[in-house]
There are 2 protein chains.
Amino acid sequence: MKDATAPISTRDAILDATDRMLARYGYKKMTIDDLAKEVGIGKGSVYLHFESKQEIALSHIDRIVERLKTSLHATARSKVTPEKKLRKMLIDRVMMRFDSVQHYTQSLNELLAQVRPQLLERRKRYFEEEARMFASVLTEGKAAGVFKLKDPMETGRALIDATNALLPYSLSAWELGERAEIEKKTNNVAELLLNGLLKR
Amino acid sequence: MKDATAPISTRDAILDATDRMLARYGYKKMTIDDLAKEVGIGKGSVYLHFESKQEIALSHIDRIVERLKTSLHATARSKVTPEKKLRKMLIDRVMMRFDSVQHYTQSLNELLAQVRPQLLERRKRYFEEEARMFASVLTEGKAAGVFKLKDPMETGRALIDATNALLPYSLSAWELGERAEIEKKTNNVAELLLNGLLKR
DNA sequence: TAATGACTACAATCGTATTTTGGTCATATG
DNA sequence: CATATGACCAAAATACGATTGTAGTCATTA
């Protein structure tokens with residue numbers, strides 16, 4: 001019922017449409033009929049790709065995090081110093097999320113309220129996977145003698161915890177503040193955290 | 001309509017009762033009649049101390065933060081190293097809040113939902129005041145040559161941001177996890193932040 | 001002068017009729 | 001034969017009028 005047979009592009013088209021509908025109407029007022037119409041397929045076809053409306057919304061969020069993970073992964077493997085990697089990764093994890101939801105600020109709270117229990121589960125996974133990526137860079141930096149730390153995974157989790165307050169979750173984007181302000185705050189936190197890691 | 005003439009103790013008694021009622025019934029089901037009865041005064045007398053039901057709930061939260069601020073202030077003036085002060089203050093700002101709401105975990109979300117807009121305003125103030133206290137310790141540590149940082153106030157704000165994700169706000173306590181887990185996480189974050197500050 | 005509780009306006013709740021919509025599946029289509 | 005579809009249905013959401021409950025006021029009281 002998931003994909004495999006079905007072309008990825010349709011699934012993606014549905015999620016693209018979801019993003020637009022969410023921005024325009026919010027979660028409750030977005031109907032599957034309208035969504036299908038927006039994509040240009042029949043209602044039943046939507047259910048060839050997703051199990052339920054909730055699953056659509058959650059997959060939409062999944063996709064945002066998936067894209068973030070791709071970016072983090074690329075940064076982690078790039079050819080710069082571990083310090084630069086870490087700084088970019090910290091900022092990206094905040095700003096990519098911000099940019100992904102900025103255009104439907106108003107309806108974000110409603111969406112989150114509707115899927116909170118399930119999302120909570122997934123967030124744990126998201127964070128754990130992100131922590132793992134951070135850990136790999138920490139390990140690299142430690143081996144290179146530029147970072148000083150004990151357990152990479154535990155430190156990775158701490159980096160996640162220390163930047164989580166800046167993510168749009170229960171706090172919608174407008175509650176968090178202007179983009180420039182968030183970026184500034186993220187920079188300051190990242191700076192502090194990096195100083196704590198660097199072997200001076 | 002606020003206090004001045006009225007004895008502090010009655011106001012406090014109302015807030016004490018509010019804490020109990022909130023734990024037992026939650027915000028909506030807590031009626032002013034019941035609250036007054038719990039305190040042992042007439043309903044009208046409640047309005048001698050507070051302007052509205054919302055104001056009561058907000059004052060209740062204010063009091064929690066007020067107590068925290070008292071504690072932070074005491075720590076900031078105590079006779080230990082700036083490093084120890086800062087670590088204790090970071091942990092206290094998380095754990096005192098956690099302990100203050102732990103006993104009405106279930107109804108916390110509801111309470112927060114009811115007063116969110118007003119609380120948002122106040123939170124800004126809370127955080128700014130806390131940042132100021134942290135800044136004073138940072139300044140002290142800088143002068144003593146144990147901390148290395150640029151702007152104390154800006155760094156203070158970063159410390160607040162970096163620990164905010166661990167506070168019970170939109171995330172209720174049970175969403176955050178067990179007390180021991182939070183404490184562990186807070187410790188790890190505090191450790192990292194302190195390393196970033198210490199001149200090694 | 002400070003405290004009270006009867007009082008009121010309005011908000012929340014309820015019961016019911018009506019509409020909308022998430023999800024299914026027999027049928028159509030390529 | 002495999003995949004897409006939209007008519008269909010049960011269940012949920014909404015509308016609405018009647019009823020109840022409660023926040024906030026204020027004339028009276030002690």
Side-chain angles (χ1 to χ4, degrees), chain A residues 1-18 20-22 24-61 107 109-111 113-119, chain B residues 1-18 20-22 24-61 107 109-111 113-119:
Chain A
M1 207 158 296
K2 200 68 171 303
D3 52 353
T5 57
I8 291 282
S9 64
T10 301
R11 187 190 149 89
D12 265 343
I14 294 172
L15 293 179
D16 288 345
T18 300
R20 291 193 295 275
M21 303 294 277
L22 244 27
R24 246 179 274 153
Y25 305 115
Y27 180 77
K28 278 188 183 170
K29 298 184 82 174
M30 166 182 103
T31 73
I32 305 293
D33 267 306
D34 288 348
L35 180 61
K37 206 159 288 173
E38 174 88 11
V39 180
I41 61 178
K43 179 183 186 171
S45 306
V46 171
Y47 286 91
L48 262 31
H49 298 271
F50 299 97
E51 298 215 337
S52 67
K53 187 180 175 183
Q54 266 209 22
E55 260 300 304
I56 297 173
L58 289 168
S59 298
H60 170 249
I61 298 174
S107 58
N109 272 335
E110 187 221 349
L111 170 62
Q114 297 301 320
V115 301
R116 178 164 307 189
Q118 290 81 350
L119 185 54
Chain B
M1 209 158 293
K2 199 66 172 304
D3 52 353
T5 56
I8 291 282
S9 64
T10 300
R11 186 189 151 91
D12 265 342
I14 293 172
L15 293 180
D16 287 345
T18 300
R20 291 192 296 275
M21 304 293 278
L22 242 27
R24 245 180 272 155
Y25 305 114
Y27 180 78
K28 277 189 186 172
K29 298 183 79 173
M30 166 182 103
T31 71
I32 305 293
D33 266 308
D34 289 347
L35 181 61
K37 205 159 290 172
E38 174 88 10
V39 181
I41 60 177
K43 179 182 187 172
S45 305
V46 172
Y47 286 92
L48 261 34
H49 298 272
F50 300 96
E51 296 214 339
S52 68
K53 187 180 175 183
Q54 266 209 21
E55 259 300 304
I56 297 173
L58 289 168
S59 298
H60 171 247
I61 298 173
S107 58
N109 272 335
E110 188 221 348
L111 170 61
Q114 297 301 319
V115 300
R116 180 165 303 189
Q118 292 80 352
L119 184 54

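Below, read A as the first sequence line, B as the second, and so on, with proteins coming before strands; counting in each chain starts at 1.
- Between the OH atom of Tyr25(A) and the P atom of dT21(C) there is a distance of 12 Å, rounded to whole Å.
- The CG atom of Leu35(A) sits 14 Å away from the P atom of dG6(D) (whole-angstrom rounding).
- Salt bridge Glu110(A)/Lys29(A): absent, no basic N to carboxylate O contact under 4.0 Å.
- Listed nucleotides: dA23(D), dT4(C), dG23(C). Nearest to the side chain of Ser52(A): dG23(C).
- With rounding to the nearest 0.5 angstrom, the CZ atom of Arg20(A) is 11.0 Å from the CG atom of Leu15(A).
- Close to dT22(D), at under 4.0 Å from its OP1 or OP2, lies no side-chain N or O of Thr31(B).
- A straight line from CD1 of Ile32(A) to P of dG6(D) spans 15 Å, rounded to a whole angstrom.
- Residue whose closest nucleotide on DNA chain D sits further toward the 5' end, between Lys28(A) and Gly44(A): Gly44(A).
- Proximity of Gln54(B) to Tyr27(B): side-chain heavy atoms (C-beta onward) are separated by under 4.5 Å at one or more points.
- The side chain of Lys43(A) contributes no N or O atom lying less than 4.0 Å from OP1 or OP2 of dG6(D).
- Here dG23(C) presents its P atom at 8 Å from CD1 of Ile56(A), a figure rounded to the nearest Å.
- For the pair Lys37(B) NZ and dA3(C) C1', the computed distance is 16 Å after rounding to whole Å.
- In this structure, CD of Glu55(B) is placed 10 Å from P of dG24(D), rounded to the nearest angstrom.
- Ranking dG24(D), dA3(C), dG22(C) by closeness to the Tyr47(B) side chain, first place goes to dG24(D).
- A donor-acceptor contact shorter than 3.5 Å is absent between the side chain of Lys28(A) and the backbone of Gln114(A).
- Distance, Asp33(A) CG to dA7(D) C1': 11 Å, rounded to whole Å.
- Taking atom CD1 of residue Ile14(A) and atom P of nucleotide dT5(D), one finds them 10 Å apart after rounding to whole Å.
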